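What follows is a set of notes on a single structure, which appears directly below.
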Amino acid sequence: MQLKSVVSALVLAASFALAAPASAQFANPEAAIKYRQSALTVMGANVGRLGAMVQGRVPFDAARAQAAAKIAAAVAHVPWEGFIANSYSGNTKAKADIAANMAEFNQMADKAAAEVDKLPAAAGNLDSLKAQMGAVGAACKTCHDKYRNQ
Ligand code: HEC
(Lines give C-alpha, C1' and ligand atoms only; values in the text may rest on other atoms or scores of the structure.)
Protein backbone atom coordinates (compact mmCIF):
# COMPACT_ATOMS: atom_id res chain seq x y z
CA MET A 1 0.00 0.00 0.00
CA GLN A 2 1.26 3.49 -0.79
CA LEU A 3 1.67 5.96 2.04
CA LYS A 4 -1.16 8.11 0.69
CA SER A 5 -3.71 5.28 0.81
CA VAL A 6 -2.47 4.18 4.24
CA VAL A 7 -3.09 7.70 5.50
CA SER A 8 -6.55 7.93 3.96
CA ALA A 9 -7.44 4.51 5.43
CA LEU A 10 -6.41 5.77 8.87
CA VAL A 11 -8.42 8.97 8.44
CA LEU A 12 -11.44 6.92 7.43
CA ALA A 13 -11.03 4.60 10.45
CA ALA A 14 -10.72 7.62 12.74
CA SER A 15 -13.91 9.21 11.40
CA PHE A 16 -15.85 6.00 12.09
CA ALA A 17 -14.37 5.92 15.59
CA LEU A 18 -15.54 9.52 16.14
CA ALA A 19 -19.08 8.58 15.10
CA ALA A 20 -19.13 5.62 17.49
CA PRO A 21 -19.18 6.84 21.13
CA ALA A 22 -22.99 7.09 21.60
CA SER A 23 -23.25 3.39 20.78
CA ALA A 24 -22.17 1.02 18.08
CA GLN A 25 -25.55 1.44 16.33
CA PHE A 26 -26.32 5.16 16.37
CA ALA A 27 -24.36 8.25 15.40
CA ASN A 28 -25.70 10.20 18.39
CA PRO A 29 -28.53 10.18 21.00
CA GLU A 30 -30.84 12.19 18.71
CA ALA A 31 -30.61 9.47 16.07
CA ALA A 32 -31.49 6.82 18.67
CA ILE A 33 -34.49 8.86 19.89
CA LYS A 34 -35.77 9.30 16.34
CA TYR A 35 -35.28 5.61 15.62
CA ARG A 36 -37.24 4.39 18.66
CA GLN A 37 -40.00 7.00 18.25
CA SER A 38 -40.40 6.03 14.59
CA ALA A 39 -40.74 2.34 15.42
CA LEU A 40 -43.14 3.09 18.29
CA THR A 41 -45.22 5.26 15.94
CA VAL A 42 -45.55 2.46 13.39
CA MET A 43 -46.34 -0.12 16.08
CA GLY A 44 -48.76 2.26 17.82
CA ALA A 45 -50.61 3.16 14.61
CA ASN A 46 -51.26 -0.49 13.82
CA VAL A 47 -52.19 -1.45 17.38
CA GLY A 48 -54.50 1.58 17.22
CA ARG A 49 -56.23 0.23 14.10
CA LEU A 50 -56.89 -3.01 15.97
CA GLY A 51 -58.10 -1.04 18.99
CA ALA A 52 -60.61 0.79 16.82
CA MET A 53 -62.06 -2.56 15.66
CA VAL A 54 -62.08 -4.00 19.18
CA GLN A 55 -63.94 -0.94 20.48
CA GLY A 56 -66.40 -1.01 17.57
CA ARG A 57 -65.38 2.39 16.22
CA VAL A 58 -64.47 0.63 12.96
CA PRO A 59 -66.21 -2.55 11.73
CA PHE A 60 -64.17 -5.72 12.30
CA ASP A 61 -62.50 -6.94 9.12
CA ALA A 62 -60.33 -10.04 9.52
CA ALA A 63 -58.09 -9.34 6.53
CA ARG A 64 -57.40 -5.75 7.59
CA ALA A 65 -56.94 -6.82 11.20
CA GLN A 66 -54.40 -9.45 10.22
CA ALA A 67 -52.53 -6.98 8.02
CA ALA A 68 -52.27 -4.48 10.89
CA ALA A 69 -51.33 -7.23 13.35
CA LYS A 70 -48.50 -8.43 11.12
CA ILE A 71 -47.02 -4.94 10.79
CA ALA A 72 -47.25 -4.39 14.55
CA ALA A 73 -45.54 -7.74 15.19
CA ALA A 74 -42.85 -7.00 12.60
CA VAL A 75 -41.76 -3.87 14.48
CA ALA A 76 -42.51 -4.88 18.09
CA HIS A 77 -38.89 -5.84 18.75
CA VAL A 78 -37.46 -2.77 17.02
CA PRO A 79 -37.82 0.29 19.35
CA TRP A 80 -35.88 -1.02 22.32
CA GLU A 81 -32.35 -0.86 20.97
CA GLY A 82 -32.93 2.90 20.63
CA PHE A 83 -32.96 3.35 24.42
CA ILE A 84 -29.25 4.09 24.74
CA ALA A 85 -27.19 6.02 27.29
CA ASN A 86 -27.62 9.83 27.26
CA SER A 87 -30.84 9.68 25.21
CA TYR A 88 -33.22 10.76 28.01
CA SER A 89 -33.28 14.51 27.49
CA GLY A 90 -34.27 16.74 24.60
CA ASN A 91 -37.03 15.72 22.21
CA THR A 92 -38.19 12.69 24.17
CA LYS A 93 -40.87 11.59 26.62
CA ALA A 94 -38.70 8.78 27.95
CA LYS A 95 -38.00 9.15 31.68
CA ALA A 96 -34.37 9.47 32.70
CA ASP A 97 -34.59 6.65 35.24
CA ILE A 98 -34.84 4.11 32.41
CA ALA A 99 -31.04 4.20 32.30
CA ALA A 100 -30.76 3.04 35.92
CA ASN A 101 -33.47 0.37 35.47
CA MET A 102 -32.52 -1.12 32.12
CA ALA A 103 -33.14 -4.72 33.21
CA GLU A 104 -36.72 -4.04 34.26
CA PHE A 105 -37.32 -1.81 31.24
CA ASN A 106 -36.09 -4.53 28.86
CA GLN A 107 -38.23 -7.12 30.67
CA MET A 108 -41.31 -4.94 30.11
CA ALA A 109 -40.29 -4.45 26.47
CA ASP A 110 -39.87 -8.21 25.94
CA LYS A 111 -43.26 -8.88 27.56
CA ALA A 112 -45.04 -6.33 25.34
CA ALA A 113 -43.29 -7.57 22.20
CA ALA A 114 -44.24 -11.16 23.06
CA GLU A 115 -47.90 -10.14 23.41
CA VAL A 116 -47.81 -8.20 20.11
CA ASP A 117 -46.24 -11.29 18.49
CA LYS A 118 -49.47 -13.16 19.27
CA LEU A 119 -51.71 -10.61 17.50
CA PRO A 120 -51.50 -12.05 13.96
CA ALA A 121 -52.78 -15.44 15.15
CA ALA A 122 -55.54 -13.77 17.21
CA ALA A 123 -56.70 -11.30 14.54
CA GLY A 124 -58.74 -13.83 12.56
CA ASN A 125 -61.83 -13.30 14.69
CA LEU A 126 -63.10 -10.52 16.91
CA ASP A 127 -63.31 -12.50 20.17
CA SER A 128 -59.73 -13.76 20.09
CA LEU A 129 -58.54 -10.31 18.96
CA LYS A 130 -60.34 -8.68 21.90
CA ALA A 131 -58.72 -11.07 24.37
CA GLN A 132 -55.22 -10.58 22.97
CA MET A 133 -55.62 -6.81 22.71
CA GLY A 134 -56.39 -6.81 26.44
CA ALA A 135 -53.02 -8.43 27.12
CA VAL A 136 -51.23 -6.08 24.69
CA GLY A 137 -52.83 -2.96 26.16
CA ALA A 138 -51.88 -3.97 29.70
CA ALA A 139 -48.27 -4.58 28.66
CA CYS A 140 -48.00 -1.17 26.94
CA LYS A 141 -49.62 0.60 29.88
CA THR A 142 -47.37 -0.96 32.54
CA CYS A 143 -44.32 0.59 30.93
CA HIS A 144 -45.90 3.91 29.91
CA ASP A 145 -47.14 4.46 33.48
CA LYS A 146 -43.66 3.95 34.87
CA TYR A 147 -41.21 5.09 32.20
CA ARG A 148 -42.94 7.58 29.88
CA ASN A 149 -43.75 11.19 30.62
CA GLN A 150 -47.27 12.25 29.69
C1 HEC B 1 -40.69 -1.00 27.97
C2 HEC B 1 -41.46 0.20 27.95
C3 HEC B 1 -42.51 0.44 26.92
C4 HEC B 1 -43.42 -0.47 26.41
C5 HEC B 1 -43.60 -1.93 26.79
C6 HEC B 1 -44.20 0.25 25.45
N7 HEC B 1 -43.79 1.54 25.35
FE8 HEC B 1 -44.55 2.94 24.12
N9 HEC B 1 -43.17 4.26 24.77
C10 HEC B 1 -42.27 4.03 25.77
C11 HEC B 1 -41.46 5.23 25.98
C12 HEC B 1 -40.36 5.38 27.00
C13 HEC B 1 -41.92 6.17 25.06
C14 HEC B 1 -41.36 7.59 24.82
C15 HEC B 1 -40.26 7.46 23.76
C16 HEC B 1 -39.57 8.77 23.47
O17 HEC B 1 -40.24 9.82 23.41
O18 HEC B 1 -38.33 8.75 23.27
C19 HEC B 1 -43.00 5.53 24.31
C20 HEC B 1 -43.69 6.15 23.29
C21 HEC B 1 -44.71 5.55 22.56
C22 HEC B 1 -45.40 6.18 21.47
C23 HEC B 1 -45.17 7.60 20.95
C24 HEC B 1 -44.06 7.58 19.91
C25 HEC B 1 -43.70 8.99 19.45
O26 HEC B 1 -42.81 9.60 20.05
O27 HEC B 1 -44.31 9.50 18.53
C28 HEC B 1 -46.33 5.28 21.01
C29 HEC B 1 -47.31 5.47 19.86
C30 HEC B 1 -46.18 4.09 21.82
N31 HEC B 1 -45.19 4.28 22.75
C32 HEC B 1 -46.94 2.97 21.66
C33 HEC B 1 -46.78 1.80 22.39
C34 HEC B 1 -47.60 0.61 22.24
C35 HEC B 1 -48.77 0.47 21.30
C36 HEC B 1 -47.11 -0.30 23.11
C37 HEC B 1 -47.59 -1.70 23.38
C38 HEC B 1 -47.67 -2.60 22.27
C39 HEC B 1 -45.98 0.30 23.78
N40 HEC B 1 -45.82 1.58 23.34
C41 HEC B 1 -45.22 -0.34 24.73
C42 HEC B 1 -42.10 2.88 26.47
C43 HEC B 1 -42.77 1.69 26.24
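Predicted, not measured: the structure shown is a model, and the values here were computed from it. All values below were derived from every heavy atom in this structure, side-chain atoms included, with hydrogens, water molecules and symmetry-related copies excluded. Whatever order the structure lists them in is the order used to number ligands and atoms, beginning at 1.
- Against a heavy-atom cut-off of under 4.0 Å, Ala112 is close to the following atoms of ligand 1: 5 (C).
- Of all heavy-atom pairs between Gly82 and Ser87, the closest is O-OG, 4.0 Å.
- Nearest protein neighbour of atom 18 (O) of ligand 1, counting heavy atoms only, is Thr92 OG1, 2.6 Å.
- One distance of note links SG of Cys143 with CD of Glu104; it measures 8.5 Å at 0.5 Å rounding.
- In summary, Glu30 and Lys34 do not engage in a salt bridge, as defined by a charged side-chain N under 4.0 Å from a carboxylate O.
- With rounding to the nearest 0.5 Å, the separation of CD1 in Ile98 from CZ in Phe105 is 4.0 Å.
- For Cys140, heavy-atom contacts with ligand 1 shorter than 4.0 Å involve the backbone as well as the side chain.
- Protein heavy atom at the shortest distance from atom 13 (C) of ligand 1 is Arg148 CD, 3.5 Å.
- Geometrically, ligand 1 and Tyr147 share no nitrogen or oxygen pair separated by less than 3.5 Å.
- Those atoms of ligand 1 with a heavy atom of Ala109 less than 4.0 angstrom away are 1 (C).
- Between Asp61 atom CG and Arg49 atom CZ the span is 12.5 Å, to the nearest 0.5 Å.
- Of all atoms in ligand 1, numbered sequentially from 1 with element shown, those under 4.0 Å from a heavy atom of Val116 are 38 (C).
- Close approach of ligand 1 to Val136 is summarised as follows: ligand atoms under 4.0 Å from at least one heavy atom of the residue are 38 (C).
- Residue Gln37 places at least one N or O, backbone or side chain, under 3.5 Å from an N or O of ligand 1.
- Nearest heavy-atom pair, Gln132 versus Ala122, reported as atom, atom and distance to 0.1 Å: CB-CB, 3.7 Å.
- Within a 6.0 Å sphere centred on CG of Asn86, other residues, nucleotides and ligands contribute 12 heavy atoms or fewer.
- Of all protein heavy atoms, the one lying nearest to atom 2 (C) of ligand 1 is Cys143 SG, 1.7 Å.
- Atom 33 (C) of ligand 1 has its nearest heavy-atom neighbour, among Lys146, His144, Arg36, Lys111, in His144.
- Summarising the contacts of atom 29 (C) of ligand 1 with Asn106, Leu40, Asp110, the nearest heavy atom is found in Leu40.
- Ligand 1 places these atoms under 4.0 Å from at least one heavy atom of Lys93: 16 (C), 17 (O).
- To the nearest 0.5 Å, atom SG of residue Cys140 and atom CG of residue Leu40 are 9.5 Å apart.
- In Phe105, the parts holding a heavy atom less than 4.0 Å from any atom of ligand 1 are both the side chain and the backbone.
- The proximity of Thr142 to ligand 1, defined as any non-hydrogen pair under 4.0 Å, does not occur for either the backbone or the side chain.
- Judged by distance alone, the side chain of Asn28 and the main-chain N or O of Ala31 form a donor-acceptor pair under 3.5 Å.
- Counting heavy atoms under 4.0 Å from ligand 1, residue Met43 touches it through the side chain alone.
- Residue-environment remark: NZ (Lys95) exceeds the threshold of 12 foreign heavy atoms within 6.0 Å.
- Taking only nitrogen or oxygen atoms, main chain and side chain alike, Thr41 reaches within less than 3.5 Å of ligand 1.
- Contact annotation: for Ala139 versus ligand 1, heavy atoms closer than 4.0 Å belong to the backbone alone.
- Here the CG-OG1 distance, from Asn149 to Thr92, works out to 8.0 Å after rounding to the nearest 0.5 Å.
- Between Leu50 atom CG and Arg64 atom CZ the span is 10.5 Å, to the nearest 0.5 Å.
- The distance from ligand 1 to the heavy atoms of Phe83 drops below 4.0 Å at these ligand atoms: 12 (C).
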